[in-house]
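Keep in mind that what you see is a predicted model, and the values were worked out from it rather than measured.
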Amino acid sequence: MNDKKRVYLDWAAGWSARSEVIDQFAKSASSFGNASSYHQVGLERQKEIEDAREKIAAYLQTRPKNIIFTSGGTESNNLALQGIYKKATEYDPNKKAIITTPIEHPSIIETAESLAGKNLLFAKVDKNGLLDLNFFEKLLSQNQTSAALVSVQYVNNEIGTLQNIDRIAALCKKQKIAFHTDAVQAHNFKTPIDFSKFDNAFISISAHKIGGVSGAGALAVPDFSIIAPTIFGGGHEKGLRSGSLNCAAISAFGSAAEIIERDKEFEERSLAFAKKIVGAIQTDKELPHIQLNGLPVGDKNRVNYILNLQIDSSKSVDELAYIFDSNSVAISFGSACSAKVLGPSSVLLAIGKSDARAKHGLRVSFGYKTDISDIDAFLKLLKLV
Ligand code: PMP
């Protein structure tokens, strides 16, 4: 199907791969071999993996030897939390606590809950989802001896809040607590997102959120002495993550990271789209029941490629979703990752919305193919909600 006939404004759920990335994927997928084999063909696959490792390391401003490939963001988050927790509690049984925020992705919250149980501690976020740094600093010092790790996301997947990760990382460093950030929704364009400002973070990223193909992810590991493996087998990926690597998806991931890093105008284009949408809801007399959730567009603590609109309508969320879906405009209510269940968003509840309002948060998100005609088509339908 020709995608230009459809309006796709759900890039935070998954990007389409660019043609260069697909070429790289096809080249690798049509080749023989397993990157672990000791023959010429295996070595060729290994070279593809190592090229991708270099590109991902450059993207994350770290060294190739610090990159562990996984199957995606969920696995990277699980490896970080489970692996660090396991090592910390083996070393010191008092280290039973995990500190995180209430607006994390389920792959963090569910994993942290299963590990720490009643020792799971939530740092405070404000009405825009921004971490309260004073409260956080106190929480760290009060739990310094019991905290196995801290995990705070870089960019929120529903409202686009961008945390002060460099300051958060520095506070964890000062208290000597392991720090992980879920950076799946943070695209590295240097500004406002810059991975070079801290060196102690375990960082999770996912291929299909930056223009790669689903089935690959990475975890940046700044210190191998404080993380244990969680998947056992042939000892691949420095013994931390066994299993034959998804060579085609990983080499495509490397190309995607290289391309997105060069796309300096993406944030600017997103800002223009976001301004157009927010301008419409602020000025159009037909849209008084729609407001922006989270920080204002252009604020330094938000990305502009994810917007969440509060729709105060008597229509049910299913009716609202139908308006867009039946007109081939892809947007999402709640988090697409746990979608198909249009319940209240845990992120909107955590920033203080009522149950009813937390169901009526509409997310639009932009990617490299988004153009102004997509925004116009969306705004036309917004008048029907
Ligand atoms: N973290 C965040 C913030 C996400 O948005 C997502 C995907 N929606 C994930 C983790 C999980 O990534 P993946 O889909 O690659 O498992």
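Under the 3.5 Å distance criterion, with hydrogens and angles disregarded, no donor-acceptor pair is assigned to the side chains of Glu20 and Ser255. Side-chain polar atoms of Ser270 and Glu267 form no donor-acceptor pair below 3.5 angstrom. If you check the side chains of Glu104 and Thr101, you find a donor sitting under 3.5 Å from an acceptor. Asn156 and Thr161 are not linked by any side-chain donor-acceptor pair at a separation below 3.5 angstrom, with hydrogens and angles left out of the test. A donor and an acceptor atom, one from each side chain of Ser204 and Asn77, are located under 3.5 Å apart. Between Ser151 and Thr100, the side chains place no donor N or O within less than 3.5 Å of an acceptor N or O (distance only, hydrogens not considered).
Here Lys380 does not pair with Asp376 in a salt bridge; the nearest charged N to carboxylate O distance is not below 4.0 Å. Salt bridge annotation for Asp374-Lys369: absent, with no cationic side-chain nitrogen under 4.0 angstrom from a carboxylate oxygen. With salt bridges taken as basic N to acidic carboxylate O contacts below 4.0 Å, none links Lys359 and Asp318. One finds a salt bridge joining Glu237 and Arg53 here, because a Lys/Arg side-chain nitrogen approaches an Asp/Glu carboxylate oxygen to under 4.0 Å.
Heavy-atom minimum distance, Ser76 versus Gly217: OG-C, 4.1 Å. Between Ser242 and Gly235, the shortest heavy-atom distance links the atoms OG-N, 2.8 Å. Here the shortest heavy-atom pairing between Val213 and Ala17 reads CG2-CB, 4.3 Å. Taking both residues in full, the closest heavy atoms of Thr70 and Ala218 are given as OG1-N, 3.6 Å, listed atom of the first, atom of the second, then distance. Of all heavy-atom pairs between Asn200 and Ala169, the closest is ND2-O, 2.9 Å. Leu162 and Leu130 get closest at one heavy-atom pair: O-CD1, 3.7 Å.
Grouping the Ile, Leu, Val, Met, Phe, Trp and Tyr side chains by contacts below 4.5 angstrom, directly or via other members, places Tyr154 with Val347. A continuous path of Ile, Leu, Val, Met, Phe, Trp and Tyr side chains, each step under 4.5 Å between heavy atoms, connects Val155 with Ile260, placing both in one hydrophobic cluster. Hydrophobic cluster membership differs between Leu219 and Ile203, with clusters built from Ile, Leu, Val, Met, Phe, Trp and Tyr side chains linked at under 4.5 angstrom. Criterion: ILVMFWY side-chain heavy atoms under 4.5 Å apart, direct or through other members. Under it, Leu140 and Ile165 are part of a common hydrophobic cluster. Note on Ile49 and Leu79: separate hydrophobic clusters, where clusters join Ile, Leu, Val, Met, Phe, Trp and Tyr whose side-chain heavy atoms are under 4.5 Å apart, directly or indirectly.
Residues Glu44 and Ser31 fail the side-chain proximity criterion, which asks for heavy atoms closer than 4.5 Å. Using a 4.5 Å heavy-atom cutoff, the side chains of Val125 and Pro102 are in contact. Side-chain contact check for Asn128 versus Ile351: every heavy-atom pair is 4.5 Å or farther apart. Taking the side chain as every heavy atom from C-beta outward, Leu384 and Leu382 never approach each other to under 4.5 Å. Phe202 has its side chain within reach of Val221: a pair of non-hydrogen atoms, C-beta onward, lies under 4.5 Å apart. Between Ile277 and Leu309, the closest side-chain pair of non-hydrogen atoms falls below 4.5 Å. Using a 4.5 Å heavy-atom threshold, the side chains of Leu133 and Ile168 count as touching. Taking 4.5 Å as the limit, every side-chain heavy atom of Arg363 sits out of range of all side-chain heavy atoms of Leu307.
Atom CD1 of Ile159 sits about 7.0 Å away from atom CG of Asn293, to the nearest 0.5 Å. The line from CG of Asp132 to CG of Asp126 is 7.5 Å long, rounded to the nearest 0.5 Å. To the nearest 0.5 Å, atom CG of residue Asn304 and atom CD of residue Glu268 are 11.0 Å apart. Here the SG-CD distance, from Cys247 to Gln46, works out to 8.5 Å after rounding to the nearest 0.5 Å. Between Arg357 atom CZ and Leu348 atom CG the span is 10.0 Å, to the nearest 0.5 Å. The CG atom of Asp182 lies 7.5 Å from the NE2 atom of His105; values are rounded to the nearest 0.5 Å.
Under the rule for a side-chain contact (heavy atoms from CB on, under 4.5 Å), the partners of Ser251 that lie at least two apart in sequence or sit in another chain are Gln24, Ser28, Glu48. By the salt bridge (Lys or Arg N to Asp or Glu O under 4.0 Å) test, Lys275 pairs with no residue at all, sequence neighbours left out. Taking Glu137 as the reference, Leu171, Lys174 meet the side-chain contact (heavy atoms from CB on, under 4.5 Å) condition, with sequence neighbours excluded. The side chain to side chain donor-acceptor pair (under 3.5 Å) search around Ser36 returns Asn34, His236, not counting sequence neighbours. With sequence neighbours excluded, the residues that form a side-chain contact (heavy atoms from CB on, under 4.5 Å) with Ala256 are Val21, Ile210. Under the side chain to side chain donor-acceptor pair (under 3.5 Å) criterion, Thr181 pairs with no residue, sequence neighbours left out.
Using modelled atom types, no side-chain atom of Asn66 and backbone atom of Thr62 make a donor-acceptor pair closer than 3.5 Å. A donor-acceptor pair is defined here as one N or O able to donate and one able to accept, closer than 3.5 Å; such a pair exists between the side chain of Tyr305 and the backbone of Gln185. Without hydrogens or angle criteria, Lys86 side chain to Ile227 main chain gives no donor-acceptor distance under 3.5 Å. Although no hydrogens or angles enter the test, the distance criterion places a donor-acceptor pair under 3.5 Å between the side chain of Lys238 and the main chain of Lys65. Judged by distance alone, the side chain of Asn94 and the main-chain N or O of Ser146 form no donor-acceptor pair under 3.5 Å. At distances below 3.5 Å, at least one donor-acceptor pair connects side-chain atoms of Ser365 with backbone N or O atoms of Ala12. Without hydrogens or angle criteria, Lys383 side chain to Leu287 main chain gives no donor-acceptor distance under 3.5 Å. The backbone N or O of Gly129 lies less than 3.5 Å from a partner atom in the side chain of Gln163, making a donor-acceptor pair.
Annotation: side chain to side chain donor-acceptor pair (under 3.5 Å) contacts involving residues 110-120, sequence neighbours excluded, comprise Asn78-Thr111. Among residue pairs with one or both ends in residues 19-52, none qualify as ring pair (Phe, Tyr, Trp, His ring centres under 6.0 Å); sequence neighbours excluded. Contacts classified as ring pair (Phe, Tyr, Trp, His ring centres under 6.0 Å) and involving residues 345-384 (residues at least two apart or in different chains) are given here: Trp11-Tyr368, Trp15-Tyr368, Phe273-Phe366, Phe324-Phe378. Screening residues 62-97 for ring pair (Phe, Tyr, Trp, His ring centres under 6.0 Å) gives no qualifying pairs among residues at least two apart or on separate chains.
The hydrophobic cluster of Val184 has no other members, since no ILVMFWY side-chain heavy atom comes under 4.5 Å of it. The hydrophobic cluster around Leu43 extends to none of the other residues, as no ILVMFWY side-chain heavy atom falls under 4.5 Å of it.
Environment of CZ in Phe224: crowded, with over 12 heavy atoms of neighbouring residues, nucleotides or ligands closer than 6.0 Å. Counting heavy atoms of neighbouring residues, nucleotides and ligands inside a 6.0 Å radius, atom CZ of Arg269 exceeds 12 of them. No more than 12 heavy-atom neighbours from other residues, nucleotides or ligands sit within 6.0 angstrom of NZ on Lys27.
Of the residues listed (Gln310, Arg302, Gln282), the one engaging Leu292 in a side-chain contact (heavy atoms from CB on, under 4.5 Å) is Arg302, and it is the only one.
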